[in-house]
**Q** 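This is the structure I have questions about; it appears just below.
We number each residue from 1, following the sequence as shown. Both ligands and their constituent atoms are indexed starting at 1 by order of listing.
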Amino acid sequence: MAKLVSETETAVVSEAERFAAFAAKLRAAGLDAPWTSPGPLIPPKTTAVQARHWRWSDIEPLVLEGPELMKPGRGAERRIIRLDNPGVPERTATHTISIAIQYLLPGEVAPAHRHTPSAIRFMLRGRNAYTTIEGDRCEMRSGDLVLTPSMTWHDHGNDGPDPAMWIDLLDSPIVRYLENLSGEPYPDERQQPATLPGVSERRFAHAGLRPAWRPPGGSPHHHHLLHWRWDATRAALDRLATLEPSPFDDVIMEYVDPITGRSVTPALGCYAQMLRPGVRTRAHRETSSAVYYVLEGTGSTTVGTTRFDWGPGDFVVVPPRAPHSHANGSSSAPAVLFSVQDVPLLTYLHLYRTEEV
Ligand code: GTQ
Ligand code: FE2
């Protein structure tokens, strides 16, 4: 008997040794056979993105402290403070979305540059602050969304009497993962703007209408809307609120290119959403991730079993596949949320799924 057992053991060891020897030969040849190591062929991976809540009362004093320590200019370029999700290796808000608050004092300029990530600005406060994109000067008022497509020259300035503050939303984590992160400074601090500001808005900001003639030539970026005004967005939400709402998001609209109907950037979409007074949405899971920013009202977002109670200026991150629902805490006032979500990218990859939980 003893002899038999030891023979079996020898056979087992030698099989493991043969696997190890084979794996070593594969490695030396720059190859790998997944069946030489334990585990399933396609091991599932749980998300590193954490459900998180940042309160505006914690963010704002730190944003206001920035100017004592940093001046925008060549080098550091932008006075920004990023949302840091501790679960994400690159310390961005989610694995696909980078969010920052940018702060610019009266008279300051954030110098012109361009880069491969697409960027979106969501204006918070200040008057006569602008972003110039490919020469089109977009004067940003509170609640406006301004698009900086990939590799377009852009500089920001504040010509008003008050400090200006806005949210930057970038797809840089995706571009980094795709190993295409790059950028360059513009030769001058600012671009020479076109004679008239808001050219893209003059051409394209009229829902249901597009110019039947455009001057020949110009940058390809001169054929898209770059600036969505808050008053139009808010009015659209009020009108949609008179019709049947989504059970999961209540009254929700996506910002789109009025000519192509596509999301504002290829990977990331932006949404404006109203939770009518007293509304509690049903919970669902989505394969996408999202960052919500509270514009108006108070309420809560429940992610998994954690309830985040929010008010104006707060941010909430919903990781991929996390069950989530929203509630307006007021029975008399609407709550309004702005969000950025990687739904367009997931849809393109045929990975977007949603299910009620
Ligand atoms: O304002 O151009 O938050 O290039 C990150 C990178 C803002 C900007 C950010 C940028 C900018
Ligand atoms: Fe930039």
Side-chain angles (χ1 to χ4, degrees), residues 54 59-60 62-67 69-85 88 90-105 107-126 128-140 144-160 163-178 180-191 193 219 221 226-227 264-268 270 291 293 313 315 317 338 340 342:
W54 290 262
I59 298 172
E60 187 183 19
L62 297 169
V63 171
L64 300 183
E65 217 176 302
L69 303 163
M70 190 272 176
K71 272 213 88 53
R74 288 282 175 240
E77 309 219 353
R78 302 294 191 257
R79 186 189 290 122
I80 58 171
I81 289 183
R82 266 194 203 116
L83 299 190
D84 171 359
N85 191 314
V88 180
E90 300 296 343
R91 316 209 68 162
T92 47
T94 82
H95 59 312
T96 54
I97 303 164
S98 178
I99 301 274
I101 310 290
Q102 187 161 163
Y103 191 48
L104 210 54
L105 298 181
E108 285 184 334
V109 170
H113 69 187
R114 64 178 183 178
H115 39 68
T116 49
S118 303
I120 298 150
R121 324 285 158 199
F122 191 87
M123 186 64 174
L124 298 181
R125 65 170 82 150
N128 297 311
Y130 63 86
T131 294
T132 303
I133 305 115
E134 295 282 312
D136 190 13
R137 183 176 153 124
C138 299
E139 287 162 3
M140 304 185 286
D144 288 2
L145 184 153
V146 170
L147 177 64
T148 300
S150 171
M151 283 311 273
T152 53
W153 295 113
H154 56 286
D155 52 88
H156 319 293
N158 181 2
D159 289 349
M165 205 188 273
W166 61 82
I167 311 172
D168 294 315
L169 311 96
L170 282 87
D171 61 1
S172 49
I174 301 166
V175 180
R176 177 189 288 274
Y177 179 75
L178 297 174
N180 274 268
L181 207 48
S182 68
E184 59 184 333
Y186 190 69
D188 302 318
E189 188 180 53
R190 295 190 231 193
Q191 300 164 77
S219 152
H221 301 291
L226 298 173
H227 194 165
V264 284
T265 79
L268 303 182
C270 290
V291 182
Y293 174 77
F315 291 89
V317 159
F338 172 79
V340 56
D342 53 13

**Q** Hey, does Arg82 come in under 3.5 Å of ligand 1, counting only N/O atoms on both sides?
**A**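 By distance alone, the answer is no.
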
**Q** Show me which atoms of ligand 1 lie under 4.0 Å from any heavy atom of Ile80.
**A**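 That gives atoms 3 (O), 5 (C), 9 (C) of ligand 1.
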
**Q** Is it true that Trp153 and Asp155 share a donor-acceptor pair across their side chains at a distance under 3.5 Å?
**A**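 No - no donor-acceptor pair under 3.5 Å links their side chains.
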
**Q** State, to 0.1 Å, how close Pro117 and Ser182 come at their nearest heavy-atom pair, and which atoms those are.
**A**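 Pro117 and Ser182 have their closest heavy atoms at CD-O, 4.3 Å.
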
**Q** Record the part of His156 in heavy-atom contact with ligand 1 below 4.0 Å; permitted values are side chain, backbone, both and neither.
**A**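 Side chain only.
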
**Q** Nearest protein heavy atom to atom 8 (C) of ligand 1, by residue and atom, and its distance?
**A**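 Ranked first by proximity to atom 8 (C) of ligand 1 is Arg78 NE, 2.9 Å.
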
**Q** Work out which heavy atom in Ile97 is nearest to a heavy atom in Asp342; give both atom names and the distance.
**A**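 Heavy atoms only, the tightest pair is CD1-N, 4.3 Å.
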
**Q** So for His113, does at least one of its heavy atoms come nearer than 4.0 angstrom to any atom of ligand 1?
**A**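 So His113 counts as touching ligand 1.
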
**Q** Roughly how far, to the nearest 0.5 Å, is OH of Tyr130 from CE of Met123?
**A**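 One finds 12.0 Å between CE of Met123 and OH of Tyr130.
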
**Q** I'd like to check which ligand 1 atoms, numbered from 1 as shown, lie under 4.0 Å from a non-hydrogen atom of Ala100.
**A**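 So the answer, numbered in order with elements, is 3 (O).
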
**Q** Mark up the atoms of ligand 1 that fall under 4.0 Å of a heavy atom belonging to His115, in ascending order.
**A**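 Listed by number with element, the hits are 2 (O), 4 (O), 10 (C).
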
**Q** Are Phe338 and Tyr293 near enough that their ring centres are under 6.0 Å apart?
**A**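 So the answer is no for these two rings.
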
**Q** Apply the test side chain to side chain donor-acceptor pair (under 3.5 Å) to residues Thr131 and His156: give CA-CA distance (whole Å), side-chain angles for both, the deciding distance (0.1 Å), then the verdict.
**A** CA-CA 4 Å; Thr131 294; His156 319 293; 2.9 Å; yes

**Q** Output the atom name for the N/O/S atom of His154 with the smallest distance to the Fe ion (ligand 2).
**A**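 Considering only N, O and S atoms, His154 comes nearest to the Fe ion (ligand 2) through NE2.
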
**Q** Heavy-atom contacts with His154 under 4.0 Å: which atoms of ligand 1 show up? List them by number with element.
**A**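 Within the 4.0 Å cut-off of His154, ligand 1 contributes 2 (O).
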
**Q** Tell me if a side-chain donor or acceptor on Asn158 pairs with a main-chain N or O of Glu108 at a distance below 3.5 Å.
**A**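 Side chain of Asn158 to backbone of Glu108: no pair is present.
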
**Q** Return the closest protein heavy atom for atom 7 (C) of ligand 1 as residue, atom name and distance.
**A**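 Going by distance alone, atom 7 (C) of ligand 1 is nearest to Asp168 OD2, 3.2 Å.
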
**Q** Look at atom 6 (C) of ligand 1 and find which of Ile167, Leu170, Thr148 reaches it with the closest heavy atom.
**A**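 It is Leu170 whose heavy atom sits nearest to atom 6 (C) of ligand 1.
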
**Q** Would His113 and Glu184 count as having a side-chain donor-acceptor pair, cut-off 3.5 Å?
**A**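 No, Glu184 and His113 have no side-chain donor paired with an acceptor closer than 3.5 Å.
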
